[in-house]
Peer 1: 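Quick one: the structure is below, and I'll ask about it shortly.
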Amino acid sequence: MLAGAANPIENADLSEAAGRDGGNDHRLAFARDLTQCLAETPHIISPKYFYDEAGSLLFERICELPEYYVTRTELDLLQRDLPAMAQTIGPNAEVLEFGAGSLLKARLLLRALESPRRFIAMDISGAHLQAAAAQLQREFPTVEIIALEGDFNALDRLQGLPAIEPGSRRVGFFPGSTVGNLSPLEANRFLADSARLLAGGGLLIGVDLVKSPMVLHSAYNDAAGVTAAFNRNVLVRANRELDAGFDIDSFAHYAFYEPRLQRIEMHLICLRDQTVQIADRRFTLRAGESIHTENSRKYTVEGFRTLAASAGFTAKAVWCDPMQLFSLHWLASGVTGSEER
Ligand SMILES: C[S@@+](CC[C@H](N)C(=O)[O-])C[C@H]1O[C@@H](n2cnc3c(N)ncnc32)[C@H](O)[C@@H]1O
């Protein structure tokens with residue numbers, strides 16, 4: 001626990017923490033979800049808890065790793081095909097990026113679009129988001145830039161989204177294959193909610209494709225150990241924010257491709273028995289137990305188009321790199337005007 005701070009976790013009703021905002025409520029929600037994770041078997045925690053400021057910076061380092069083809073390939077695709085994507089999106093767009101991160105790809109999109117009106121960067125990692133959005137505003141002084149802290153798994157409860165301006169239409173941007181971190185049910189709900197939010201516009205979304213398991217394996221097991229540090233960050237965060245008492249070094253990063261579910265699974269394997277404490281509950285983890293921290297689902301182009309259609313989008317153009325590693329999809333949502341894009 002932070003020196004000198006009262007511990008609001010101790011006496012809080014963790015079941016009420018969901019959906020509220022503010023620093024303490026973030027901690028309460030984390031405490032509630034980690035309690036549930038440790039109380040249940042298998043132990044599963046949402047990957048959103050990787051992303052505090054340190055986690056966001058670790059993810060940026062992952063994006064630069066030689067093994068992590070995902071960012072490099074998507075950036076190449078954007079460089080090559082953004083003129084066509086921008087034409088498809090059209091002028092006067094208001095862009096809403098989900099899970100915005102460093103905003104590196106947003107810069108490329110904003111440069112390619114004709115007269116973008118507004119850019120709303122949405123992310124769960126509040127401090128990192130504010131800094132990235134402020135920098136973007138300096139680079140694009142004529143575009144209104146808004147930082148919106150929120151959870152893309154709860155778009156129906158999203159607060160602070162401004163009304164769309166007359167003459168503009170809202171376009172979603174969801175690069176990075178972050179959609180792969182969602183279960184099929186969550187992905188369907190995210191797509192259905194975003195289709196409603198983006199009615200009359202559409203969603204440009206990056207989706208990682210099924211490929212050689214060896215390529216996938218090395219992408220999530222880099223030689224420098226950055227992905228391992230990113231994985232362990234959830235425990236670092238639990239110790240700092242919740243005073244949980246994990247022995248961080250006794251957890252092994254374990255990531256593998258599960259071909260039947262077409263996903264990378266990321267786990268932390270406990271290597272020695274230990275007891276941790278969340279609020280007033282103690283949990284014993286035995287050597288060999290796993291905490292399942294992330295899935296990264298891989299799709300076929302057709303499989304993703306079918307998923308998008310089942311959630312209410314009309315799957316339109318698809319852009320792929322020559323090696324078919326990665327795809328970017330334009331999904332139209334409930335086109336209202338006479339001109340269908
Ligand atoms: C895989 S990174 C992608 C970052 C960036 N869009 C890119 O393409 O490089 C996932 C991003 O989504 C954010 N994120 C993760 N879970 C989230 C959630 N439930 N709601 C909102 N943002 C989330 C993270 O903070 C991070 O910035």
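Note: hydrogens, waters and symmetry copies are ignored here, and every other heavy atom, side chains too, is used. In each ligand, atom 1 is the first atom listed, and ligand 1 is the first ligand listed.
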Peer 1: Run through ligand 1 for me and note each protein residue having a heavy atom under 4.0 Å from it, chain first, then residue number.
Peer 2: K48, Y51, F59, E97, G99, A100, G101, K105, D123, I124, S125, G150, D151, F152, N153, P175, G176, T178
Peer 1: Establish, from distance only, whether the side-chain atoms of D52 and N233 form a donor-acceptor pair under 3.5 Å.
Peer 2: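 Yes, N233 and D52 have a side-chain donor paired with an acceptor closer than 3.5 Å.
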Peer 1: Is M85 reachable from L209 through a run of I, L, V, M, F, W or Y residues, each pair having side-chain heavy atoms under 4.5 Å apart?
Peer 2: no
Peer 1: Grouping I, L, V, M, F, W and Y whenever their side-chain heavy atoms are under 4.5 Å apart, do Y51 and M122 come out in a common cluster?
Peer 2: no
Peer 1: Which label fits Y254 and H267: parallel for a plane angle under 30°, tilted from 30 to 60°, or perpendicular past 60°?
Peer 2: tilted
Peer 1: Ignoring hydrogens and geometry beyond distance, is a side-chain donor-acceptor pair present between N92 and S168 at under 3.5 Å?
Peer 2: no
Peer 1: How are the rings of F59 and F230 set relative to one another: parallel (under 30°), tilted (30 to 60°) or perpendicular (over 60°)?
Peer 2: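 Tilted: the ring planes of F59 and F230 meet at 30° to 60°.
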